Amino acid sequence: MNCGASPSLKEGIPMITWSFLFLLVAVAAGIFGFLGIAGTAAGIAKMLFIAFLILFVASFFTGRKGRT
């Protein structure tokens, strides 16, 4: 029984999850001294997070329905 707590495999992984995953990769790579990988992962995490925020704001305003 799926109560909506986690996405099914058909739905895929939410974009915010990918952002946090790349952020964790960047932090781990930075700790171990892999500066090239850390910079790339941090850049990807930043781009995905900004895209998530833009899509969230757009869907928030377009998905609202007035009371009639």
Side-chain angles (χ1 to χ4, degrees):
M1 179 178 192
N2 189 0
C3 298
S6 63
S8 68
L9 292 177
K10 292 181 182 179
E11 294 175 8
I13 300 173
M15 190 182 304
I16 192 73
T17 305
W18 284 110
S19 291
F20 287 126
L21 178 70
F22 278 108
L23 178 65
L24 289 175
V25 169
V27 169
I31 289 172
F32 292 116
F34 301 114
L35 298 178
I37 295 171
T40 302
I44 292 171
K46 185 188 291 186
M47 288 187 299
L48 287 174
F49 188 73
I50 290 170
F52 167 77
L53 284 178
I54 291 170
L55 291 173
F56 172 74
V57 169
S59 66
F60 180 75
F61 285 116
T62 59
R64 299 182 78 190
K65 296 184 180 182
R67 295 182 187 203
T68 56

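Worth saying up front: this structure is predicted, and the values here are computed from it rather than measured.
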Donor-acceptor pairs under 3.5 angstrom involving side-chain atoms of residues 37-47: please list them, not counting sequence neighbours.
residue : atom : partner : partner atom : Å
Thr40   : OG1  : Gly36   : O            : 2.9

Quiz item: Going only through I, L, V, M, F, W and Y residues with side-chain contacts under 4.5 Å, is there a path from Ile16 to Leu23?
Solution: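 The answer is yes; both residues are in one hydrophobic cluster.
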
Listing, residues 50-60 side-chain donor-acceptor contacts under 3.5 Å, not counting sequence neighbours, or none:
residue : atom : partner : partner atom : Å
Ser59   : OG   : Leu55   : O            : 3.1
Ser59   : OG   : Phe56   : O            : 3.0

